[in-house]
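Since the structure comes first, as structure tokens, the remarks are kept for the end.
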Amino acid sequence: MILVTSNRHKFEEIAAMFGVAGIPLEWKHVKYEEIQEDTTEIISYRSCVEVRKELHDDFFLEDTGLYIPALHGFPGPYSSYVNATIGYAGIQRLVDGKDPTAYFKTVVSLSMNGTIMQFGGVLKGAISGQAKGSTGFGFDPVFIPEGEVLTLAEMDIDAKNRLSHRGRAVSALIRYLITLKS
Ligand code: ITT
């Protein structure tokens, strides 16, 4: 199976899960027009449609957003831009004094035999005032999952995959791929 992403961390997390499932995974970079839409589902779907114009093999990609209800869902579909500009410290400043509840949402889009299927995963948690940890990427140092004391950046890849938005979406994808084989 081919994963299309420009993000090495995403590839490493997903490759660890495919490795456990015994399904070979190939990483491809495909240049396509940046999609700006209101929801993670639509960005993921439209990105998949764009990549399909370039890549004729079966593949999947995923889009992830960090949603903060106290900020009316911001950064949500702008997560990539926000990470590259104000970063997690900017998010901490925006959340300061407000309800820190947040969630990550990942939507995987699988292009297979001419159709697109989606698999989603959500991780609820909160933005911490204190950045901690050095693993992972993006907003991981300030995100503490519900019921946990460690930030995602204090967990190793396997621990993060067991509970994360991406881990859940990719588990659903892997279950689907396994049912196709049997
Ligand atoms: P693609 O090429 O796969 O699109 P990307 O890095 O642009 O890679 P997204 O648009 O899906 O990925 O992600 C938006 C941003 O959200 C990303 O730049 C990260 O900073 C952040 N992010 C995504 N997944 C995350 C995770 O598991 N933990 C922390 N931050 C994450």
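Hydrogens, waters and symmetry mates play no part in the numbers below; they use all other heavy atoms, side chains included. Both counts, for ligands and for their atoms, begin at 1 and track the order of listing.
Taking 4.0 Å as the cut-off between side-chain N and carboxylate O, Arg46 and Glu50 do not count as a salt-bridged pair.
Heavy atoms of Asp140 approach ligand 1 to within less than 4.0 angstrom. The closest approach between any non-hydrogen atom of Asp63 and ligand 1 is below 4.0 Å. A heavy-atom separation below 4.0 Å is found between His165 and ligand 1.
Considering only non-hydrogen protein atoms, atom 6 (O) of ligand 1 sits nearest to Asn7 ND2, 2.9 Å. Taking atom 11 (O) of ligand 1 as the reference point, the nearest protein heavy-atom neighbour is Lys10 NZ, 2.7 Å. In terms of protein heavy-atom proximity, atom 31 (C) of ligand 1 is nearest to Phe137 CE1, 3.6 Å. Ranking the protein heavy atoms by distance from atom 23 (C) of ligand 1 puts Thr64 CG2, 3.5 Å first. Looking from atom 16 (O) of ligand 1 to the surrounding protein, the closest heavy atom is Ser79 CB, 3.7 Å. Nearest non-hydrogen protein atom to atom 2 (O) of ligand 1 is Ser6 OG, 2.6 Å.
Closest of all the heavy-atom pairs between Phe18 and Pro24 is CD2-O, 4.5 Å.
Residues Val49 and Ile35 do not share a hydrophobic cluster, defined by chaining ILVMFWY side chains whose heavy atoms lie under 4.5 Å apart. Under the 4.5 Å side-chain heavy-atom criterion for Ile, Leu, Val, Met, Phe, Trp and Tyr, Ile157 and Leu152 are members of distinct hydrophobic clusters.
For Asn83, every heavy-atom contact with ligand 1 shorter than 4.0 Å involves the side chain, none the backbone. For Phe143, no heavy-atom contact with ligand 1 is shorter than 4.0 Å. The side chain of Arg166, and not its backbone, has at least one atom closer than 4.0 Å to an atom of ligand 1 (non-hydrogen atoms only; side chain from C-beta on).
The distance criterion of under 3.5 Å between nitrogen or oxygen atoms is not met by Tyr32 with respect to ligand 1. By the 3.5 Å distance cut-off applied to N or O atoms, Glu13 is not counted among the residues near ligand 1. At a 3.5 angstrom cut-off on N or O pairs, Phe139 counts as close to ligand 1.
Tyr81 meets the side chain to side chain contact (heavy atoms under 4.5 Å, CB included) test with Thr85; sequence neighbours excluded.
Among residue pairs with one or both ends in residues 151-182, those qualifying as ring-ring contact (aromatic ring centres under 6.0 Å, His included) are Phe104-His165, Phe119-Tyr176; sequence neighbours excluded.
Heavy-atom contacts of Thr5 reach the following atoms of ligand 1: 1 (P), 2 (O), 3 (O), 8 (O) (cutoff under 4.0 Å). Which parts of ligand 1 touch Lys160 is read off a 4.0 Å heavy-atom cut-off, strictly below it: atoms 26 (C), 27 (O), 28 (N).
Among Ser44, Gly76, Ser80, the residue whose heavy atom lies closest to atom 15 (C) of ligand 1 is Ser80.
Of the possible polar contacts, none joining the Asn161 side chain to the Ile14 backbone as a donor-acceptor pair under 3.5 Å is found.
Going from atom CD1 of Ile23 over to atom CE of Met17 covers 10.0 Å, rounded to the nearest 0.5 Å. The NZ atom of Lys160 sits 5.0 Å away from atom CZ of Arg166, with the distance rounded to the nearest 0.5 Å. The distance from atom CG of Asn83 to atom CZ of Phe139, rounded to the nearest 0.5 Å, is 4.5 Å.
Defined by atom type and a distance below 3.5 Å, a donor-acceptor pair is missing between the side-chain atoms of Thr5 and Asn7.
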